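Have a look at the structure below before the remarks.
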Amino acid sequence: MGVSLTVADSKRAFHNAFPYVIAPIYRRLVDELLVELHLLSHQKGFQADGLFAVGLTQVFDSFSKGYRPEEQREPLFEALCSANGFDGGALRFQAQQARDQVGHHSLEDVKGWLSNQGQGAPEVIASLLGSVQRDDFHYSRLVAVGLLSLLQSAQGADALDPQALRSSAHEIGEAMGLIKDRLDKDLSLYAGNIEKMSQAVELMEETVAAERRRRERAAEGSAT
């Protein structure tokens, strides 16, 4: 993407790639990711590495649960990416590759890799962790979410409660050189917003179901 392109250009490119109506509940997700990806694509020290890919796919998948129609969900992700010069399919592959690598190992193994900047880790994981050590590394909330998501992929992680996993992510992030206060804030906001979004989706589905029942009763009444 050229440096002269603006957020408005990204939004225009997105709507050209995804010319469908987006339900109000998901518009905030779309707007925030469009702006965030636009800003990241213009950061000199930013690289679309595995940690970013894991974080981005995790944020999108978590906040787009319940999206209808379902078949438009992945095109939505791809349009958000392409509007800012990213390849959605390639990012999906990177993220899955990283999760698969972590999924073959225990949580303690993963903690050790993360705390030691990737030393002893599989190549994919070592590479993405090594990127954090670059002098021009650019932090974003997607890095924080990516870190948490990688921990969740490890064997044994499902036995821990969400708060324990977040605490592990905080400790490891600090050991990696990330700013603890920033990491804490981003992961806390992520957890809180996920809960709010889940409640909103549940309410929306209940409303749709109630409206469907009302129409069915009305149709039955008019038929008698």
Side-chain angles (χ1 to χ4, degrees), residues 29 32-33 36-37 39-41 43 45-65 77 81 86 90-195 197:
L29 165 69
E32 288 188 356
L33 280 182
E36 185 165 8
L37 292 178
L39 294 175
L40 286 175
S41 71
Q43 286 291 335
F46 171 76
Q47 289 185 9
D49 56 22
L51 200 55
F52 161 76
V54 172
L56 174 61
T57 54
Q58 179 68 25
V59 165
F60 178 83
D61 292 345
S62 297
F63 285 97
S64 64
K65 283 183 179 178
F77 174 75
C81 292
F86 300 111
L91 290 174
R92 281 281 184 202
F93 178 79
Q94 278 183 277
Q96 192 57 53
Q97 194 176 30
R99 289 191 180 100
D100 288 345
Q101 290 278 4
V102 169
H104 294 302
H105 297 272
S106 70
L107 186 59
E108 291 307 311
D109 288 339
V110 177
K111 285 182 178 180
W113 300 338
L114 296 173
S115 296
N116 293 290
Q117 289 80 49
Q119 184 177 353
E123 183 178 355
V124 172
I125 303 301
S127 176
L128 69 88
L129 292 176
S131 69
V132 178
Q133 303 306 309
R134 298 193 325 269
D135 291 338
D136 64 347
F137 171 74
H138 180 78
Y139 172 86
S140 76
R141 64 164 182 149
L142 297 177
V143 168
V145 176
L147 175 60
L148 179 62
S149 182
L150 283 181
L151 287 180
Q152 291 172 326
S153 301
Q155 294 177 9
D158 53 359
L160 296 179
D161 63 74
Q163 182 56 51
L165 269 178
R166 287 202 299 274
S167 295
S168 293
H170 295 161
E171 295 168 6
I172 293 168
E174 188 175 18
M176 291 168 62
L178 302 179
I179 300 173
K180 187 176 185 298
D181 289 345
R182 179 79 184 273
L183 196 68
D184 289 351
K185 178 182 177 181
D186 287 339
L187 289 181
S188 295
L189 282 173
Y190 171 70
N193 289 336
I194 283 291
E195 183 176 355
M197 188 66 174

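As the structure is a computational prediction, the values presented were derived from the model and not from experiment.
Scanning for side chain to side chain donor-acceptor pair (under 3.5 Å) contacts around S188 gives an empty result, with sequence neighbours left out.
Counting all heavy atoms, side chain and backbone alike, L37 lies closest to F86 at O-CE1, 3.7 Å. When all heavy atoms of A144 and L183 are compared, the closest pair comes out as CB-CD1, 3.4 Å.
Separation of atoms CZ (F63) and CD (E32) is listed at 8.0 Å; rounding is to 0.5 Å. A distance of 12.0 Å separates CD of Q58 from CG of L147, quoted to the nearest 0.5 Å. Note that the CG atom of D184 and the CG atom of L189 stand 11.0 Å from one another [nearest 0.5 Å]. A distance of 13.0 Å separates CD of Q96 from CG of L91, quoted to the nearest 0.5 Å. In this structure, CD in Q152 is found 10.5 Å from CG in D158, a value given to the nearest 0.5 Å. Separation of atoms CG (D186) and CG (L148) is listed at 11.5 Å; rounding is to 0.5 Å.
Legend: salt bridge (Lys or Arg N to Asp or Glu O under 4.0 Å) pairs involving residues 53-63, not counting sequence neighbours, sorted by first then second residue: D61-R92.
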Q: Kindly indicate, with the supporting measurements, whether the criterion side-chain contact (heavy atoms from CB on, under 4.5 Å) is fulfilled by F46 and S140.
A: CA-CA 9 Å; F46 171 76; S140 76; 5.6 Å; no
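Although no hydrogens or angles enter the test, the distance criterion places a donor-acceptor pair under 3.5 Å between the side chain of T57 and the main chain of V54.
No option in V59, L51, L150 other than V59 meets the side chain to side chain contact (heavy atoms under 4.5 Å, CB included) test with V145.
Between F77 and L56 the shortest side-chain heavy-atom distance falls below 4.5 Å.
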